[in-house]
Undergrad: 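This is the structure I have questions about; it appears just below.
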Amino acid sequence: MILLKNGRQINESNELVAVDLLVKDGIIIEMTECIENTEAQVYDLAGKLVSPGLIDVHVHLREPGYERKETIETGTKAAARGGYTTIAAMANTIPVPDSMESVTYIEGLLQQSAQVRVFPYAAITLGERGQEIVDVEALSETSILGFSDDGRGIQEAGVMYQAMQRAKAVNKPIVAHCEDDSLLFGGYLHDGEYAKANGHRGILSVSESAQIARDIMLAQATGVHYHICHISTKESVELVRFAKAQGINVTAEVSPHHLILCDTDIVNDDPNFKMNPPLRADADRIACVQGLLDGTIDIIATDHAPHHEDEKAWGIETAPFGIVGLETAFPLMYTTFVKTGKMTLKQLIDCMSTKPATIFNLPYGKLEVGAVADITIIDLDKEMEIDSTQFLSKGKNTPFNGYHVAGWPVMTLVGGKVAYKDGQMN
């Protein structure tokens with residue numbers, strides 16, 4: 001048994017109230033203002049926040065195939081340090097999880113090395129090539145969270161329509177990276193102020209929103225749960241708002257970097273500001289913030305995408321897309337939005353834990369008697385600079401290095417077991 005003493009939780013009125021929690025066999029068995037138990041291992045939380053474990057439905061663990069960038073062990077250690085108890089691993093690995101054999105192989109790797117709970121995605125198409133749909137029916141019987149060709153948009157409407165039909169039949173979501181390749185024109189930064197001023201080829205916003213518009217209509221026709229990855233443009237937000245008003249089963253995520261940064265924040269062509277979708281205009285950033293606050297955008301997901309430092313040294317034009325995010329997401333969001341009064345603490349926890357669990361039908365994201373003891377302890381008063389050299393992830397590629405932020409996770413319990421505490425993995 002574990003007894004968490006002298007914590008505080010956020011209630012429905014966004015008030016911090018005193019709470020103790022008693023955990024036995026991975027389950028919360030008692031939860032009240034004061035618990036005494038002489039048999040339990042006691043942790044005095046000294047007034048720190050007790051949150052349901054954070055959930056990230058969009059992470060790149062790189063293993064198998066790209067262990068130079070990240071491994072399951074290092075990526076899930078980074079997740080535990082960031083307060084995440086459950087994450088979902090994208091399918092752009094070698095092999096791609098597009099068959100029973102490859103999914104079973106990846107499940108075995110996760111069982112061996114993962115420090116937190118991980119659900120893999122299966123690809124939508126074989127090899128993520130956008131042509132032949134995987135055996136949706138068989139793969140739905142595995143531990144996959146859903147189907148995604150993340151990193152690549154499905155270019156053929158007919159392929160996406162058929163995939164949606166089959167995913168709907170097995171009650172699994174289609175999780176889509178939305179990008180029309182015919183509208184890219186060789187771009188690698190947002191087609192905005194920074195690219196134009198510095199001679200870079202731009203990625204048009206419509207390359208994202210055009211595919212979202214198509215897929216919303218396909219989702220309406222099929223009834224599938226259609227989830228949009230890393231939304232980034234004001235037009236995309238409006239399309240999701242329209243879809244929800246029509247009762248279409250569409251959900252969307254946004255990443256912290258698209259809420260905090262815009263293209264004019266790029267410094268000296270630093271490749272650590274290069275991701276896909278790119279940092280957009282400030283009007284897009286504002287639209288994403290508003291969409292998150294009004295519920296158009298459902299959740300926050302990091303799109304944690306580690307790369308080796310040698311790759312990011314290639315320069316902004318040729319360096320790979322992506323930044324890391326698992327270890328910094330909560331303090332960045334808390335500092336930028338909660339401490340400034342733009343968002344309540346309850347809203348933030350809902351977007352990073354409760355709502356991801358709800359929309360993906362996971363039995364987590366709850367702090368209540370009988371719930372799985374996935375718990376994150378956060379020191380809201382702890383302030384320090386982000387230092388990428390201290391990351392547990394292999395990836396150090398972040399544009400937020402040196403940012404001074406508050407609200408750091410200090411202890412993470414997964415299924416009632418301490419996975420991370422005070423700078424140390426269990």
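Only a predicted model underlies this, so the values are computations on that prediction, with no experimental measurement involved.
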Undergrad: Would you tell me whether Tyr66 and Glu70 have side-chain atoms, one donor and one acceptor, within less than 3.5 Å of each other?
TA: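 No donor-acceptor contact under 3.5 Å links the two side chains.
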Undergrad: A side-chain contact here means heavy atoms from C-beta on lying under 4.5 Å apart; do His258 and Ile297 qualify?
TA: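 When only atoms from C-beta onward are counted, Ile297 and His258 do not touch, as no gap falls below 4.5 Å.
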Undergrad: Where is the tightest heavy-atom contact between Ser51 and Ile349, given as atom of each residue plus distance?
TA: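 Taking Ser51 first and Ile349 second, the nearest heavy atoms are OG-CG2, 3.7 Å.
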Undergrad: Strictly below 4.0 Å, N to O, side chains only: are Glu63 and Lys394 in salt-bridge contact?
TA: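 No.
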Undergrad: Should Ile72 and Val118 count as side-chain neighbours, where that means a heavy-atom distance under 4.5 Å?
TA: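 A side-chain contact is absent here, since even the closest heavy-atom pair is not under 4.5 Å.
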Undergrad: Look at the rings of Tyr188 and His200 and say which category their plane angle falls in: under 30° parallel, 30 to 60° tilted, over 60° perpendicular.
TA: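 Ring orientation, 0 to 90° scale: perpendicular.
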Undergrad: What's the verdict on side chain to side chain contact (heavy atoms under 4.5 Å, CB included) for Thr76 and Ile87, showing C-alpha distance, side-chain angles and the deciding distance?
TA: CA-CA 8 Å; Thr76 55; Ile87 62 175; 4.1 Å; yes
Undergrad: I'd like to check Tyr403 versus Thr398 (side-chain heavy atoms, cut-off strictly below 4.5 Å). Are they in contact?
TA: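 Sidechains of Thr398 and Tyr403: no contact.
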Undergrad: For Ser148 and His177, does a side-chain donor sit closer than 3.5 Å to a side-chain acceptor?
TA: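 Checked: Ser148/His177 side chains show no N/O donor-acceptor pair below 3.5 Å.
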Undergrad: Is it true that Ser232 and Glu208 share a donor-acceptor pair across their side chains at a distance under 3.5 Å?
TA: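 Yes.
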Undergrad: Please check if atom CD in Glu383 has more than 12 non-hydrogen atoms from other residues, nucleotides or ligands closer than 6.0 Å.
TA: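 Atom CD in Glu383 is packed in, count exceeds 12.
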Undergrad: Do Asp149 side-chain atoms and Ile124 backbone N/O form a donor-acceptor pair below 3.5 Å?
TA: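 The answer is yes, because a donor-acceptor pair under 3.5 Å joins these two groups.
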Undergrad: Would you name the heavy atoms of Cys178 and Ile228 that are closest together and state the gap between them?
TA: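 Closest pair (atom of Cys178, atom of Ile228, distance): SG-CG2, 4.2 Å.
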Undergrad: When rounded to the nearest 0.5 angstrom, what distance separates CG in Leu362 from OG1 in Thr86?
TA: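 It is 6.5 Å, given to the nearest 0.5 Å.
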Undergrad: Does a sphere of radius 6.0 Å around CG in Asn268 hold more than 12 heavy atoms from other residues, nucleotides or ligands, not counting ones at 6.0 Å or beyond?
TA: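 Atom CG in Asn268 is not packed in, count stays at 12 or less.
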Undergrad: Is Lys244 salt-bridged to Asp298, cutoff N-O under 4.0 Å?
TA: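 Salt bridge: yes.
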Undergrad: Just by distance, do the side chain of Asn249 and the backbone of Ala219 share a donor-acceptor pair under 3.5 Å?
TA: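 It does not hold such a pair.
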Undergrad: Determine whether a donor-acceptor pair (N or O, by modelled atom type, separation under 3.5 Å) exists between the side chain of Glu67 and the backbone of Gly65.
TA: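 Present.
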Undergrad: Salt bridge check, Lys77 against Glu73: does any charged N sit closer than 4.0 Å to a carboxylate O?
TA: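 Judged by the 4.0 Å cut-off on N to carboxylate O distance, Glu73 and Lys77 do form a salt bridge.
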Undergrad: Do the non-hydrogen side-chain atoms of Leu259 and Thr336 ever get within less than 4.5 Å of each other?
TA: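 Not touching, per the 4.5 Å side-chain cut-off.
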Undergrad: Taking all non-hydrogen atoms of both residues into account, name the closest pair between Ala123 and Phe147 and its distance.
TA: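 Looking at all heavy atoms of both residues, the shortest contact is O-CD2, 3.4 Å.
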Undergrad: Could you walk me through whether Val103 and Ile106 pass the side chain to side chain contact (heavy atoms under 4.5 Å, CB included) check?
TA: CA-CA 5 Å; Val103 169; Ile106 289 171; 5.8 Å; no
Undergrad: Would you mind reporting whether Ser393 and Leu326 have side-chain heavy atoms less than 4.5 Å apart?
TA: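 No, every pair of side-chain atoms sits at 4.5 Å or beyond.
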Undergrad: So, taking the atom named CG in Leu22 and the one named CD1 in Ile28, what distance separates them when rounded to the nearest 0.5 Å?
TA: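 Result: 10.0 Å between the selected atoms.
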Undergrad: Heavy atoms only: give me the nearest Ala91-Val96 pair and the separation to one decimal.
TA: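 Heavy atoms of Ala91 and Val96 come nearest at O-CG1, 3.7 Å.
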Undergrad: After noting the C-alpha distance and the side-chain angles of Asp150 and His60, does the key distance pass the side chain to side chain contact (heavy atoms under 4.5 Å, CB included) rule?
TA: CA-CA 10 Å; Asp150 181 61; His60 298 271; 3.0 Å; yes
Undergrad: If you measure from CG on Asp56 to NE2 on His304, what distance do you get to the nearest 0.5 Å?
TA: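 Nearest 0.5 Å value for the CG-NE2 distance: 9.0 Å.
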Undergrad: Are any of the side-chain heavy atoms of Leu413 and Val418 separated by less than 4.5 Å?
TA: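 Side chain of Leu413 against side chain of Val418, heavy atoms only: contact under 4.5 Å found.
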Undergrad: I'd like to know if the side chain of Thr104 reaches the main chain of Glu101, judged simply by a donor and an acceptor atom lying under 3.5 Å from each other, with no hydrogens or angles considered.
TA: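 No, the answer is negative, given that no donor and acceptor are paired below the 3.5 Å cut-off.
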Undergrad: So does Leu126 get a backbone contact from the side chain of Glu128, meaning a donor-acceptor N/O pair under 3.5 Å?
TA: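 A pair under 3.5 Å: no.
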Undergrad: As an exercise, state the distance from CD1 of Ile27 to NZ of Lys24, rounded to the nearest 0.5 Å.
TA: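 Going from the CD1 atom of Ile27 to the NZ atom of Lys24 covers 12.0 Å.
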Undergrad: Please find the pair of heavy atoms, one from Pro52 and one from Thr354, that lie closest to each other, and give the distance.
TA: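 Answer, listing the atom of Pro52 first, then Thr354: CG-OG1, 4.4 Å.
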Undergrad: Please confirm whether the backbone N or O of Val57 pairs with a side-chain atom of Tyr121, one donor and one acceptor, at under 3.5 Å?
TA: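 Yes: the side chain of Tyr121 pairs with the backbone of Val57.
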Undergrad: Does Glu309 pair with Lys312 as a salt bridge, N-O distance under 4.0 Å?
TA: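 Judged by the 4.0 Å cut-off on N to carboxylate O distance, Glu309 and Lys312 do not form a salt bridge.
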Undergrad: Are side-chain N/O atoms of Thr296 and Arg241 paired as donor and acceptor at under 3.5 Å?
TA: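 Note: Thr296 and Arg241 side chains meet the donor-acceptor criterion.
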Undergrad: For the backbone of Val206 and the side chain of Glu235, can you confirm whether one donor and one acceptor N or O come within less than 3.5 Å of each other?
TA: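 No, because the side chain of Glu235 does not come within donor-acceptor range (under 3.5 Å) of the backbone of Val206.
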Undergrad: Whether the side chain of Asp284 engages the backbone of Ala281 through a donor-acceptor N/O pair (distance < 3.5 Å, no angle test) should be reported.
TA: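 It does hold such a pair.
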Undergrad: Do Met31 and Leu367 pass the side chain to side chain contact (heavy atoms under 4.5 Å, CB included) test, and can you show the C-alpha distance, the side-chain angles, and the key distance before you say yes or no?
TA: CA-CA 9 Å; Met31 189 172 164; Leu367 270 185; 3.9 Å; yes
Undergrad: Could you go step by step and tell me if Arg201 and Glu317 meet the salt bridge (charged side-chain N to carboxylate O under 4.0 Å, His left out) rule?
TA: CA-CA 9 Å; Arg201 293 190 299 277; Glu317 181 175 352; 3.1 Å; yes
Undergrad: Is there a donor-acceptor pair closer than 3.5 Å between any side-chain N or O of Glu107 and the backbone N or O of Ser143?
TA: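 Yes; at least one donor-acceptor contact below 3.5 Å.
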Undergrad: Given Asp303, which of Pro256, Ser255, Cys229 fulfils the side-chain contact (heavy atoms from CB on, under 4.5 Å) condition?
TA: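 Going through the options one by one, the only one that passes is Ser255.
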Undergrad: Mind checking the NE2-NE2 spacing from His58 to His230? Nearest 0.5 Å is all I need.
TA: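 Reported value, rounded in 0.5 Å steps: 4.5 Å.
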Undergrad: Would you call Asp374 and Arg117 a salt bridge, using N to O less than 4.0 angstrom?
TA: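 Between Arg117 and Asp374 there is a salt bridge, with a charged N closer than 4.0 Å to a carboxylate O.
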Undergrad: Can you tell me if Glu156 has over 12 outside heavy atoms packed within less than 6.0 Å of its CD?
TA: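 For Glu156, atom CD is not crowded (no more than 12 foreign heavy atoms under 6.0 Å).
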Undergrad: So, taking the atom named CG in Leu54 and the one named CG in Leu348, what distance separates them when rounded to the nearest 0.5 Å?
TA: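 CG of Leu348 is found 8.0 Å from CG of Leu54.
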Undergrad: Count the heavy atoms of every other residue, nucleotide or ligand shown that sit under 6.0 Å from CD of Glu368, and state whether that count exceeds 12.
TA: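 Check passes, neighbour count above 12.
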Undergrad: Would you check if Tyr420 and Val414 make a side-chain contact, meaning some heavy-atom pair closer than 4.5 Å?
TA: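 They are not in side-chain contact.
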Undergrad: Distance-only, no hydrogens or angles: does the Thr335 side chain make a donor-acceptor pair with backbone N or O of Val405 under 3.5 Å?
TA: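 Such a contact is absent between Thr335 side chain and Val405 backbone.
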Undergrad: Closest approach of Met352 and Pro356, non-hydrogen atoms and distance?
TA: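 What the structure gives for the nearest pair is C-CG, 4.0 Å.
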Undergrad: Does CG in Asp294 sit with more than 12 non-hydrogen atoms of other residues, nucleotides or ligands closer than 6.0 Å?
TA: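 Counting other residues, nucleotides and ligands, CG of Asp294 exceeds 12 neighbours.
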Undergrad: For residues Pro409 and Pro331, determine if any side-chain heavy atom of one lies less than 4.5 Å from a side-chain heavy atom of the other.
TA: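 Yes, their side chains come closer than 4.5 Å.
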